[in-house]
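Every chain is numbered from 1, with letters handed out A, B, ... down the list of sequences. These numbers were taken from a predicted model, which means no experiment stands behind them.
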Number of protein chains: 2
Amino acid sequence: MLRLSKLTDYAVVVLVRLGQPDAAGDACRDVQTSPCIAAATGIPEPTVAKVLKTLASGGLVGSQRGARGGYRLLRPLDAIPIADVIAAIDGPIALTACVEGSGNGCSTESLCPVRGRWDPVNAAIQDALGAITLADMQEAAIPRAFRIPALPPSGPALRAAE
Amino acid sequence: MLRLSKLTDYAVVVLVRLGQPDAAGDACRDVQTSPCIAAATGIPEPTVAKVLKTLASGGLVGSQRGARGGYRLLRPLDAIPIADVIAAIDGPIALTACVEGSGNGCSTESLCPVRGRWDPVNAAIQDALGAITLADMQEAAIPRAFRIPALPPSGPALRAAE
DNA sequence: CCATTCAGGACTGATAAGGTCCTCTATACC
DNA sequence: GGTATAGAGGACCTTATCAGTCCTGAATGG
């Protein structure tokens, strides 16, 4: 499946949200709080807090403690490649245990006919993810308002009705 | 981490092995059996069987039942991109639930500012993985013999003594 | 007819992710 | 100075998914 974790998905949403201070409303000014972002994105507040803390550790967002504190972007959206977000949340991109840098070795590596060959694959993916920034993903956010009203109040996971 | 499953890793090893009939020895001729490949790769036999069955369902390998049966490649290694292997084992490449084609919807999608924006990211990765074939990964198999003797007899899961 | 080998599924244990909560510290406002 | 707010940093549990094994059945060759 080659799926990335939900947390990373959330992180992208949260970061894009942080990059739209004007859309935040009066409750959130230059910095935005976890509850504020949670309300805006629909992601549960504890999860938002967890994501933001991780992103702060990764140096993608800055934090301000105390009353009227919150989070803010340290870089503009177009300076944050997806690869950085993934690395901050999920750790360095390593498709398999064999990829160099991921410490743990492979038990069958002495027999493995593809030893070390995942590295270029990994590099190719990293390259692809490094070329796409959050700004690229934000683009789609503009016409978002045109889609929301089209949401029918039916079906649990209905998405195709547009 | 963006990690792919071990089964996919195994699949690559097994497929590369299937692409080297000359290296299989007398016990395995045109077709190779699960136990044979298991012995050659060091992967447990039931797991090899599982991988091969999955690959057969995916149309990457052909199977021959009955005595003296086994598996064989349906395409040469250089005609099998990594993306196909991943798709056969792990299903279609879908980074997030939001990527089209992955059925299940996202609960917060109506608020999500990056709706549908994972698609290009996904496409970029699929593109990168589609450009690398098993033959590319096999290349490294040639100098393998030069690396094996360098293995120190320390580690716990050492199995190279053959 | 029997041995071999794949097909297909069920089952179980281990591992990791997802999510929640608690306590502590820092800051702003009264 | 006191209090409310808000992040820091963990601990924790719950759940889902994967990895691995095994069993039964069907096809094929000798």
* Asked: What pairs with B:Ser63 under side-chain contact (heavy atoms from CB on, under 4.5 Å), at least two apart in sequence or on another chain?
  -> B:Tyr71

* Structure fact -> Quick tally for nucleotides 19-24 of chain D: nucleotides whose base has a protein heavy atom under 4.0 Å get B, sugar-phosphate-only ones S, the rest -, giving SBB---

* What are the two closest heavy atoms between A:Ala79 and A:Pro81, and how far apart are they? -> O-CD, 3.4 Å

* **salt bridge (Lys or Arg N to Asp or Glu O under 4.0 Å) involving A:Arg75 - partner list, sequence neighbours excluded** => A:Asp84

* Asked: Atom OH of A:Tyr71 to atom P of C:dT27: distance rounded to whole Å?
  -> 14 Å

* To do: Ignoring backbone atoms, establish whether A:Ser34 has a side-chain N or O less than 4.0 Å from OP1 or OP2 of D:dG7.
  => yes

* Find the distance A:Leu52:CG to C:dG18:P and express it as a whole number of Å. => 16 Å

* Asked: Once you round it to whole Å, what is the distance between C1' of C:dA16 and CD1 of A:Ile89?
  -> 16 Å

Please report, to 0.1 Å, the donor-acceptor pairs under 3.5 Å made by any side chain of residues 47-55 of chain B, with sequence neighbours excluded.
| residue | atom | partner | partner atom | Å |
| --- | --- | --- | --- | --- |
| B:Thr54 | OG1 | B:Lys50 | O | 2.8 |

* How close do A:Ala128 and B:Ile125 get, heavy atom to heavy atom, and via which atoms? -> CB-N, 4.5 Å

* A:Arg72: what forms a side-chain contact (heavy atoms from CB on, under 4.5 Å) with it, not counting sequence neighbours? -> A:Val31, A:Leu74

* Atom pair distance, as rounded to whole Å: CG in A:Leu18 and P in D:dG7 -> 11 Å

* Kindly say if A:Ser63 contacts the phosphate of D:dA8, meaning a side-chain N or O under 4.0 Å from OP1 or OP2. => yes

Identify all pairs in which a protein N or O lies below 3.5 Å from an N or O of nucleotides 26-30 of chain D, and state each distance.
| residue | atom | partner | partner atom | Å |
| --- | --- | --- | --- | --- |
| D:dA27 | O4' | B:Arg65 | NH1 | 2.8 |
| D:dT28 | O2 | B:Ala67 | N | 3.1 |

* Structure fact -> Across all chains, not counting sequence neighbours, the side-chain contact (heavy atoms from CB on, under 4.5 Å) partners of A:Asp78 are A:Pro76, A:Thr133, A:Ala135

* For B:Gln64, which residues count as a side-chain contact (heavy atoms from CB on, under 4.5 Å) partner, sequence neighbours excluded? -> none

